[in-house]
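Only one structure is covered here, and it is reproduced in the block below.
What you see is a predicted model; the values in this text were computed from it and never measured. Naming: A, B, ... by sequence-line order, numbering from 1 per chain. Hydrogens, waters and symmetry mates are skipped; everything else that's a heavy atom, side chains included, is used.
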Protein chains: 2
Amino acid sequence: MNSENTTIYDIASEVGVSIATVSRVLRGETNVSPATREKVQQAIDRRNYRPSSIARWLTSKTTHSLGIILPKLLNPHYAMIFTGAQEEARRLGYTMSLFPWASLDTDAYNPATMLIERRLDGLIVCVEYLPPDHDELVHEALRTLRRFMPVVLIGCVPPWYDFPAVANNNAAMMRSIVAYLTAMGHEKIAFIGGVQEDKDPHRRDIGYEEGLQDARLPYTASYRVYGKGTPEAGKAALEEMLGSLKRDYWPTAIIALNDLVAMGCLETARKHGISVPGQMSVIGCDDLFCAPYLFPSLTSVNTHQQQTGARAVQLLISGEQRRESVEWELVERASCAPFNSEKGES
Amino acid sequence: MNSENTTIYDIASEVGVSIATVSRVLRGETNVSPATREKVQQAIDRRNYRPSSIARWLTSKTTHSLGIILPKLLNPHYAMIFTGAQEEARRLGYTMSLFPWASLDTDAYNPATMLIERRLDGLIVCVEYLPPDHDELVHEALRTLRRFMPVVLIGCVPPWYDFPAVANNNAAMMRSIVAYLTAMGHEKIAFIGGVQEDKDPHRRDIGYEEGLQDARLPYTASYRVYGKGTPEAGKAALEEMLGSLKRDYWPTAIIALNDLVAMGCLETARKHGISVPGQMSVIGCDDLFCAPYLFPSLTSVNTHQQQTGARAVQLLISGEQRRESVEWELVERASCAPFNSEKGES
DNA sequence: ATGTATAATGTAAGCGCTTCCATTCAGATC
DNA sequence: GATCTGAATGGAAGCGCTTACATTATACAT
């Protein structure tokens, strides 16, 4: 392909100048006479010549290309992060490629090798809810990688990862969600989702427990169900919880790990004839595009994922070695309402 | 960065062999004595050496990197296509980078220049519902691009685009959806969404009209509302339709351009107290992950987007110049039901 | 002992750019 | 008219690999 494989030599000889001059025109340097510039430019246009960035990179030792590693793009949460990162990268003149998690922890080939060989100018890694058995592997891979390129982390970054990062403090966020619910009079508040053995102290369920303490509410093991962050998991988890509890003890508010889990919870509630928010409030997290269109529309927390992605790119390029966090805000919709003990069962 | 900027020369001199020998070890060639191979490999491991693909590319004239251009990743439909393409690319040893539409039609810089300079081995472009005023621009950009790299198209590809493509025949699909609804007794069937002036004969609304003809139903202009493919647009469009029609003439079935539009329609129906599917059936398209969790769960059409993306990559790499289409299948859920003329208004 | 095939390794010329340094040539200065 | 200056341009050495070809060493046949 690229049959018109024109090089800088072709242009130079066509015009009758040296390649150095063509290079100068190409990069808009000023020390070229207007007449020469004009002739060269015409030849470039005539031949449809585009300089090879490959060759350029070899000289300049920089590729202006970044990488990002995400668990999966099918979850809109990650798609938003990716979009934010990609757009910011482009704005700054960089290209963004997506690499799957396998690049890091399960590649038969030496992990991360492909990333290094590509001579990326930087890498963003979204570490979220790492299964405990992956933690050490991933951490090791990251340490290797950073010897070759700047690495910025996104997500729920364990404090013992000494990397620049854009990490929302999920714990603080959850804590305030609990406060939001207790202020509404809820006392039986459940939390659904998340990895059980995750060691990260900032994870969402830690905040849940802190929130309960703030409100002097007891932590009840049956109100805490672990599971993957999918709709199916949320559905099954709430199902299980309701099944194991007498009706009087059913929670009046559910905090879901994220909106996907919340979707599953809404489904289960519907199936059991529990009215939301009449008998049970449900709150999600991430504020996915579909949250307003669920029934009832889902109260959630906007975690500004696009901004997170963009900020990570900025840190990557500026080289700042900081760990920062992004604002979040509660988006009130119909799925949460004050607890009303008078209300009868429907 | 990359402080350990080791090159093939470093390894060669460390071991005391020529760079050619190191290169042979690197690429696993057999004509190296076991002893030498061992020594070289040890030096490589010791120095943590990773050959630069940049230099390799310069020689080999191939970058093993592909590009994909999508309207926007925030729409899960495109995220699925991207995921399918990305995974297949990786499986085949290629990298996949995302480029925004702007690369093609609005770049201040010469469109597509960045793509060409990067010397991609191929490009996938998702052309869907091109606004008519963009069609010529995009077509022109694509023609330029294909002179430099193989291009495969995805989506609703107009027949006058002479490119290899993976295009579902949206018209045929829609036609059968209409058949599905008429078989259920619906006669007042509306279609919501899409670009009005799109010239493509395979677009979804053409199939809608064909379907009506099949069933000997009249085409009613008021049942056809144009609009963007978003939930908001769907909401507003149905709103407008209901507002302009006497209650007796309200459609009993809505075909939405896609699931996003369908989400908006469900919302409007809910707001007007129209029960779905009791008084009005709604069918979407694309079968997004949230379709089962809407209320009522949304009947939709699975268009196998991941497979579409994967197939496009295969065409790209194999170089086959064919235009093919991917299967689709109706996924029946709760939002469509037979029309029952006896049923009273709620 | 000589010749020949085979395996192992080295040499060097690219690949298409950037960039430092050298050269040329006006025009200005004395 | 000789010298100097600075703008415009060219020469050539990389950048880090691959690879065709050349060279050397080894083994075996004659």
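- Residues A:T62 and A:S60 have side chains that never bring a donor and an acceptor to within less than 3.5 angstrom of each other.
- By the 4.0 Å N-to-carboxylate-O rule, A:E88 lies too far from A:R311 to be salt-bridged with it.
- The side chain to side chain contact (heavy atoms under 4.5 Å, CB included) check on B:R143 picks up B:E136, B:H139, B:E140, with sequence neighbours excluded.
- Taking atom CD1 of B:I11 as the reference point, atom C1' of D:dT18 lies 17 Å away to the nearest angstrom.
- The ring-ring contact (aromatic ring centres under 6.0 Å, His included) pairs that include a residue from residues 6-26 of chain A number zero, where partners must be two or more places apart or lie in different chains.
- Rounded to an integer number of Å, the gap from A:R118 CZ to D:dC17 P is 15 Å.
- Computed from coordinates, the B:R27 CZ to D:dA20 C1' distance equals 12 Å when rounded to whole Å.
- Every pair tested for ring-ring contact (aromatic ring centres under 6.0 Å, His included) that includes a residue from residues 12-40 of chain A fails, sequence neighbours excluded, so the list is empty.
- Side-chain N/O atoms of B:Y78 and B:Q305 include no donor and acceptor closer than 3.5 Å.
- When the side-chain nitrogen and oxygen atoms of B:S23 are compared with OP1 and OP2 of D:dC17, none of them lie within a distance under 4.0 Å.
- For the residue pair A:D135/A:Y161, the side-chain donor-acceptor check at 3.5 Å is satisfied.
- Helix bend of the helix from C:dA1-D:dT30 to C:dC30-D:dG1: the angle between its two end axes, each built from five pairs, comes to 60° after rounding to 10°.
- Judged as a salt bridge (charged side-chain N to carboxylate O under 4.0 Å, His left out), not a single pair has a partner in residues 67-82 of chain B (not counting sequence neighbours).
- Protein atom CH2 of A:W57 is 16 Å distant from nucleotide atom C1' of D:dC17, rounded to whole Å.
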ask   = Once each nucleotide of nucleotides 7-16 of chain D is scored for protein heavy atoms under 4.0 Å, what B/S/- sequence comes out, 5' to 3'?
value = -SBBB--BBB
